[in-house]
Amino acid sequence: MMERKLSEDYEEVPCDSANAVVEGCRLPVLMRSGAEYQMAEILSIKELAAMREYYVHFLDFNKRLDEWVDEKRLDPSKVFFPKKISPSRPSSPVAGDVPTLPLLATTSSTPSLNKKKKQGQKRPYDEIDRSSSQPPTPAPSPGPATPITLIKEEIPDLLSGGPATPAGQGAATTAGPRTTGSLMMHSNDDVVTRMKNIEMIELGKHRIKPWYFAPYPQELVHLPCIYICEFCLKYRKSAKALERHLLKCKLRHPPGNEIYRKNNISVFEIDGRKNKQYSQNLCLLAKLFLDHKTLYYDTDPFLFYVMTQLDNRGFHLVGYFSKEKESSEDYNVACILTLPPYQRKGFGKLLIEFSYELSKFEGKLGSPEKPLSDLGLLSYRSYWSHTILGILFTHKASGDQERPQITINEICELTSMKKEDVISTLQTLGVISYYKGGFVIVLTPEMGKNHEKSSRLTKIDPKHLHWTPKDWSKRAKW
Ligand code: ACO
Ligand code: ZN
């Protein structure tokens, strides 16, 4: 796909130095780990003390790996120009005229992509390790398998034999930008918002490197660090200014109602209308780690569920999800985030579990707002697979049934998951087979072992949830 795009819209032009490289070009760039060259697009070029720096986006990688690199990391022997600005086009400037920025001497020639890239080398990204996160695929059964009969009328898309849609993405992936949302999809993906603009934030005891652009006020952007009060989320431009703020700020927990507490984990419900400033600051902070959504300042239609960890200094923000007060599409999560220092410790799945517990209390089925990010999809797939397998493994045959029987609707009712998420999860798990004119789910002992191994220690305990759902449709105004 990428190759096709490169060949259609781009033209390879031999260059002997990085000087010819202009914004919009694509060429191999050495990744941060130093192990591998990857094709990248130059989004911006700046000059610092007579040195050129290039802001690059690696084409097949998530934007959080975008960064400023110096010319030593570029491989100018394989530069692709967009056809409209290609130096080889008669209507475009000729090769010698192309660079729009002052020419600088190249110090070293960079080895070519083919020379550097070792065969079978693992991608050096510190980010998604997809291999470890794939749901278990049913291996040939080493022992007796557990079949469960599935009612066939309920899975029409399985009958059609069409390709499985990735769980959670479905048709909604192609949906256009939403018109409501505390965060919604980018309407214009301009170069400014494609580039990270904040170097660092300090939040409580954590220093965190942002992943994406966030529209903090202009005077704070490009400072070495933005200092954020971890309790009220107000931001300051220096440590001194934050110190002064902390003397006045009495908050030691998020505003709103604490609706859940078990051990040191609490969840606060915050109304986006009643606590507008906190909610907006939370969205702004979240934008640093959410790429496919853009800020929307009207937080009134949203509730925010903020998860904290308690110690003797207060309730520390771990993550949150937002939820529309009324969702015509049955979304039970708009945006979800675990702050990077707390990621990969199970908090994402805890937040997801919490969102489904709320749906259970409401007596509704729910699903996260689409599209999901790469990490969002991984987390949801993992949660859905684990939850559904948990039900299937404990489901017993009743009465004189030869084997346990279950319907998709029953799984939905037990989990509050929407039907399409249940079906796509079963498809992704690859557990459904057609057998003697009907559908059966076949679970192998191997899957049972994997399921037990991946059980989480911390789970939401509904007994500790003190919450009554509100019917927002009956209220004249949120
Ligand atoms: N690489 C590989 N796997 C990962 C990574 C990673 N970087 N991060 C999480 N995972 C996997 C975990 O291994 C786990 O899989 P497993 O159950 O098979 O072990 C699963 O994802 C969930 O892990 P958790 O620790 O429960 O989740 P975490 O606390 O890391 O939070 C979240 C997940 C919320 C998606 C987090 O990565 C995040 O905040 N990302 C940035 C914002 C974002 O993308 N949000 C989702 C947008 S979609 C939406 O808002 C509806
Ligand atoms: Zn404060």
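For reference, positions follow the sequence shown, starting with 1. Every number for a ligand or one of its atoms is a count from 1 in the order of the listing. All values below were derived from every heavy atom in this structure, side-chain atoms included, with hydrogens, water molecules and symmetry-related copies excluded.
Among the atoms of Trp211, none of the N or O lies under 3.5 angstrom from an N or O of ligand 1. Between Gly346 and ligand 1, an N or O atom pair is found at a separation short of 3.5 Å.
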Full working for side-chain hydrogen bond (donor to acceptor under 3.5 Å, both in side chains) between Ser454 and His386: CA-CA 8 Å; Ser454 63; His386 193 85; 3.1 Å; yes
Chi angles and distances behind the side-chain hydrogen bond (donor to acceptor under 3.5 Å, both in side chains) call for His316, Glu230: CA-CA 7 Å; His316 306 280; Glu230 62 168 325; 2.7 Å; yes
Stepwise side chain to side chain contact (heavy atoms under 4.5 Å, CB included) test for Tyr55 and Arg194: CA-CA 10 Å; Tyr55 194 83; Arg194 279 176 82 185; over 6 Å; no
Steps toward ring pair (Phe, Tyr, Trp, His ring centres under 6.0 Å) verdict (Phe439, Tyr434): CA-CA 5 Å; Phe439 284 100; Tyr434 195 66; 5.3 Å; yes
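Remark: ligand 1 atoms within the under-4.0 Å shell around heavy atoms of Lys349 are 16 (P), 17 (O), 22 (C), 26 (O). Using a 4.0 Å cut-off to heavy atoms of Gly348, the atoms of ligand 1 that qualify are 24 (P), 26 (O), 27 (O), 28 (P), 29 (O), 31 (O). Residue Ala334 has at least one heavy-atom neighbour below 4.0 Å for each of these atoms of ligand 1: 49 (C), 50 (O), 51 (C). Near Phe289, with a cut-off below 4.0 Å to any heavy atom, the atoms of ligand 1 are 41 (C), 42 (C). Taking a cut-off of under 4.0 Å to the non-hydrogen atoms of Cys335, the atoms of ligand 1 that pass are 50 (O). Near Leu372, the atoms of ligand 1 lying under 4.0 angstrom from a non-hydrogen atom of the residue are 48 (S), 51 (C).
Heavy-atom neighbours of Glu452 CD from other residues, nucleotides or ligands within 6.0 Å: at or below the threshold of 12.
Distance alone, capped at 3.5 Å, is enough to place a donor-acceptor pair between the His464 side chain and the Arg261 backbone.
Among Gly319, Ser367, Ser379, the residue whose heavy atom lies nearest to atom 20 (C) of ligand 1 is Ser379. Taking all heavy atoms of Gln343, Glu369, Lys345 into account, the minimum distance to atom 40 (N) of ligand 1 is reached by Gln343. For the residues Ser373, Ser382, Gly376, the heavy atom positioned nearest atom 44 (O) of ligand 1 is part of Ser373.
The SG atom of Cys249 and the SG atom of Cys232 subtend an angle of 120° at the Zn ion (ligand 2), given to the nearest 10 degrees.
Residue contacts with ligand 1 for Tyr383 are absent, since no atom lies close enough (heavy atoms, distance under 4.0 Å). Heavy atoms from both the backbone and the side chain of Leu375 come within less than 4.0 Å of ligand 1.
Ring orientation note: the planes of Trp384 and Tyr380 are tilted relative to one another, at an angle of 30° to 60°. Ring orientation note: the planes of Tyr383 and Tyr356 are close to parallel, at an angle under 30° on the 30°/60° scale.
Heavy atoms of Tyr380 stay at 4.0 angstrom or farther from ligand 1.
Under the ring pair (Phe, Tyr, Trp, His ring centres under 6.0 Å) test applied with Phe268, the options Phe315, Tyr278, Tyr305 reduce to a single match, Phe315.
Judged by the 6.0 Å and 45° rule, Lys196 forms no cation-pi pair with Trp211.
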